[in-house]
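Working notes for the structure below.
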Amino acid sequence: MNDTPSRDIINHDASEALAERIRRAEAEGSPLRIIGGDTKAFYGREVEGEALSTREHRGITEYDPVELIVSVRAGTPLRELESVLAANGQMLPCEPPHFGEEATVGGMIATGLSGPRRPWAGSVRDFVLGTRIITRQGSEQRFGGQVMKNVAGYDLSRLMVGAQGTLGLITEVSMKVLPLPAATRSLHLEMSLQEALEKLAEWGREPLPITAAAWLEGALHLRLEGGPSSVEATARRLGGDELLDGFWEALREQQLAFFGAESAHPLWRLSLPHHTPALELPGVSRESDVLYDWAGTQRWARSDASPEEIRAIASQAGGHATRWAGPGGAPQEAPFTPLAPVVEKYHRNLKTQLDPQGIFNPGRLYAAF
């Protein structure tokens, strides 16, 4: 592999200093609040502990554009990594949100959040090949991908995705990347929500080059990506108007007017199975209060209904609901759907095995662990 990436990228290995701080925290039983760019601090519960920053531990350690594999330290700014990939005609297919210029690769892995391309390309977890992790004992270990198997039996690399730093400190990640599409076209089609859901279900049964689909304020927004002839032919078939540049980035970064609208009602993110019909949500009476992303599998809604009501409706549909503070917002007291007893048992057992003293981001996901 190429171990000499762009000269513009700062490379600095701070793993030993991070490991020493973790060893001290384990010995003292003192909790740590892990931070990178801190752009996603709103996502989860408030953590009480001494700040442990990964920002100095940065740089691309290996990159093989031919094999489509990159290894990068956790404190590396996400935009730096994307810039290097773009210069080689490649991208992170999961299209992770930044929510700020300081976003890091570690934050992308810890939160596991993906952008508009997620239903067609896959999630962050789908592209993780391996990780380096500093355990509670302060030892750096490698897991997953083309490296040593985790002797505990867990696929720890993938477990770290979305764990919010509660299981250990991610220091490096190896990921699969993909080529940038040869052609891109975005469309704006005026239609009702019901018609949009029907069309998306119909088009989903065909090999169309759709890589993003969102409905809001009476219109379906589509992104087509692939070979020039396929994209052009599909655009002619579907019709509609050309969508303004920047829409998908604004959606990904939650900079659309929908997310900035003043409202006394909390914002909810509903994650639902494919082809779930429109749901009747209490407290939602206007079209401007809802936004459908991921072809309807991710839905945003403002409602003054109780968390119990919203989550019961999402659960009955086979999904779950998260109360969303949004970029710049304060952490919520109970943002995530409570775990079922059996699932909670597994979460608790895993936390106990990997972090028995609770030094890594305690309470970030749930109050109990």
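Numbering of residues begins at 1 and proceeds along the displayed sequence.
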### Query
Should Leu267 and Phe258 be marked as a side-chain contact (heavy atoms from CB on, under 4.5 Å) after you check the CA-CA gap, both sets of side-chain angles, and the distance that decides it?
CA-CA 10 Å; Leu267 180 62; Phe258 172 86; 4.0 Å; yes
#### Entry: Ile109 and Met175: CA distance, side-chain angles, deciding distance, side-chain contact (heavy atoms from CB on, under 4.5 Å) verdict
CA-CA 10 Å; Ile109 300 299; Met175 298 188 72; 4.3 Å; yes
### Task
Determine, stepwise, if the pair Arg348 / Glu344 fulfils salt bridge (Lys or Arg N to Asp or Glu O under 4.0 Å).
CA-CA 6 Å; Arg348 192 185 300 276; Glu344 181 178 347; 2.6 Å; yes
### Message
I'd like to know whether Leu32 forms a side-chain contact (heavy atoms from CB on, under 4.5 Å) with Arg21, so could you lay out the CA-CA distance, the side-chain angles of the two residues, the decisive distance to 0.1 Å, and finally the verdict.
### Response
CA-CA 9 Å; Leu32 297 171; Arg21 181 63 194 92; 3.7 Å; yes
### Task
Evaluate the criterion side-chain contact (heavy atoms from CB on, under 4.5 Å) for residue pair Trp215 and Leu197; output intermediate values, then yes/no.
CA-CA 9 Å; Trp215 183 92; Leu197 292 176; over 6 Å; no
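The side-chain hydrogen bond (donor to acceptor under 3.5 Å, both in side chains) test with Thr131 is passed by exactly one of Ser174, Ser157, Ser71: Ser157. Here the rule is side-chain hydrogen bond (donor to acceptor under 3.5 Å, both in side chains) with Thr61, and of Arg132, Arg73, Glu172 only Glu172 fits it.
For Lys40 against His98, the heavy-atom pair with the smallest separation is NZ-O, 3.4 Å. Minimum interatomic distance between Pro338 and Tyr366 (heavy atoms only, all atoms of both residues): CA-CE2, 4.2 Å. The two residues Lys351 and Gly358 make their nearest non-hydrogen contact at CE-CA, 4.3 Å. Counting all heavy atoms, side chain and backbone alike, Arg45 lies closest to Pro335 at CG-CD, 3.6 Å. Heavy atoms only, all atoms of each residue included: Leu189 and Leu238 are closest at CD2-O, 3.3 Å. Residues Pro228 and Ala183 approach most closely at CA-CB, 3.7 Å, considering heavy atoms.
Side-chain N/O atoms of Gln137 and Thr135 include a donor and acceptor closer than 3.5 Å. If you check the side chains of Thr211 and Arg117, you find no donor sitting under 3.5 Å from an acceptor. At a cut-off of 3.5 Å, with distance as the only test, a side-chain donor of Ser123 or Asp126 sits close to an acceptor on the other residue.
Here the CG-CZ distance, from Leu281 to Arg302, works out to 13.5 Å after rounding to the nearest 0.5 Å. Atom CG of Leu224 sits about 9.0 Å away from atom OG1 of Thr184, to the nearest 0.5 Å. If you take CE on Met191 and CG on Leu220, they are separated by 5.0 Å, rounding to the nearest 0.5 Å. A distance of 4.0 Å separates CE in Met160 from CD1 in Ile170, rounded to the nearest 0.5 Å. For the atom pair CZ of Phe360 and CD1 of Ile34, the computed distance is 6.0 Å after rounding to the nearest 0.5 Å. Residue Asp293 holds its CG atom at 11.5 Å from CZ of Arg299, rounded to the nearest 0.5 Å.
At least one side-chain heavy atom of Leu92 sits under 4.5 Å from a side-chain heavy atom of Val177. Residues Trp300 and Leu216 are not in side-chain contact: their nearest non-hydrogen atoms beyond the backbone lie 4.5 Å or more apart. The shortest side-chain heavy-atom distance between Leu52 and Ile22 falls under the 4.5 Å cut-off. Inter-residue side-chain proximity for Arg136 and Gln357 is flagged as unmet; no heavy-atom pair is nearer than 4.5 Å. At a threshold of 4.5 Å between non-hydrogen side-chain atoms, the residues Trp120 and Ile210 count as touching. Looking at Ser15 and His57, their side chains come closer than 4.5 Å, going by heavy atoms from C-beta outward. Taking 4.5 Å as the limit, every side-chain heavy atom of Ile69 sits out of range of all side-chain heavy atoms of Glu62. Proximity of Arg185 to Glu232: side-chain heavy atoms (C-beta onward) are separated by under 4.5 Å at one or more points.
A ring pair (Phe, Tyr, Trp, His ring centres under 6.0 Å) check over residues 331-355, counting only residues at least two apart or in different chains, returns the pairs Tyr43-Phe336.
Within 6.0 Å of CD in Glu217 there are 12 or fewer heavy atoms belonging to other residues, nucleotides or ligands. By the neighbour-count criterion of 12 heavy atoms within 6.0 Å, atom CD of Glu202 is densely surrounded, having more than that number from other residues, nucleotides or ligands. Within 6.0 Å of NZ in Lys176 there are more than 12 heavy atoms belonging to other residues, nucleotides or ligands. The environment of His188 atom NE2 is dense: over 12 non-hydrogen atoms of other residues, nucleotides or ligands sit within 6.0 angstrom.
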Which donor-acceptor pairs under 3.5 Å do side chains of residues 314-325 form with protein atoms, sequence neighbours excluded?
from   : atom 1 : to     : atom 2 : distance (Å)
Arg323 : NE     : Gln332 : OE1    : 3.3
Trp324 : NE1    : Gln254 : OE1    : 2.8

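Trp294 contributes a side-chain N or O that, together with a main-chain N or O of Gly115, makes up a donor-acceptor pair within less than 3.5 Å. Remark: side-chain polar atoms of Glu80 are not paired, donor with acceptor, to backbone N or O of Pro77 under 3.5 angstrom. No side-chain donor-acceptor contact under 3.5 Å links Thr39 to the backbone of Glu102. Here the side chain of Thr276 pairs a donor or acceptor atom with the backbone of Pro273 at under 3.5 angstrom. Glu140 places no side-chain N or O within donor-acceptor distance of the main-chain N or O of Ala19, the cut-off being under 3.5 Å.
Hydrophobic clustering, with ILVMFWY side chains joined whenever heavy atoms are under 4.5 angstrom apart, groups Ile60 together with Phe127. Hydrophobic clustering of Ile, Leu, Val, Met, Phe, Trp and Tyr side chains at less than 4.5 Å, counting indirect connections, unites Leu270 with Leu193. Linking ILVMFWY side-chain heavy atoms closer than 4.5 Å, directly or via other members, places Leu222 and Leu243 in two distinct hydrophobic clusters. Note on Leu354: it clusters hydrophobically with Val128, by side-chain heavy-atom contacts below 4.5 Å among ILVMFWY residues. Linking Ile, Leu, Val, Met, Phe, Trp and Tyr whenever their side-chain heavy atoms come within less than 4.5 Å leaves Ile134 and Val105 in two separate clusters.
Salt-bridge check for Arg23 with Glu16: passed, with a basic side-chain N closer than 4.0 Å to an acidic carboxylate O.
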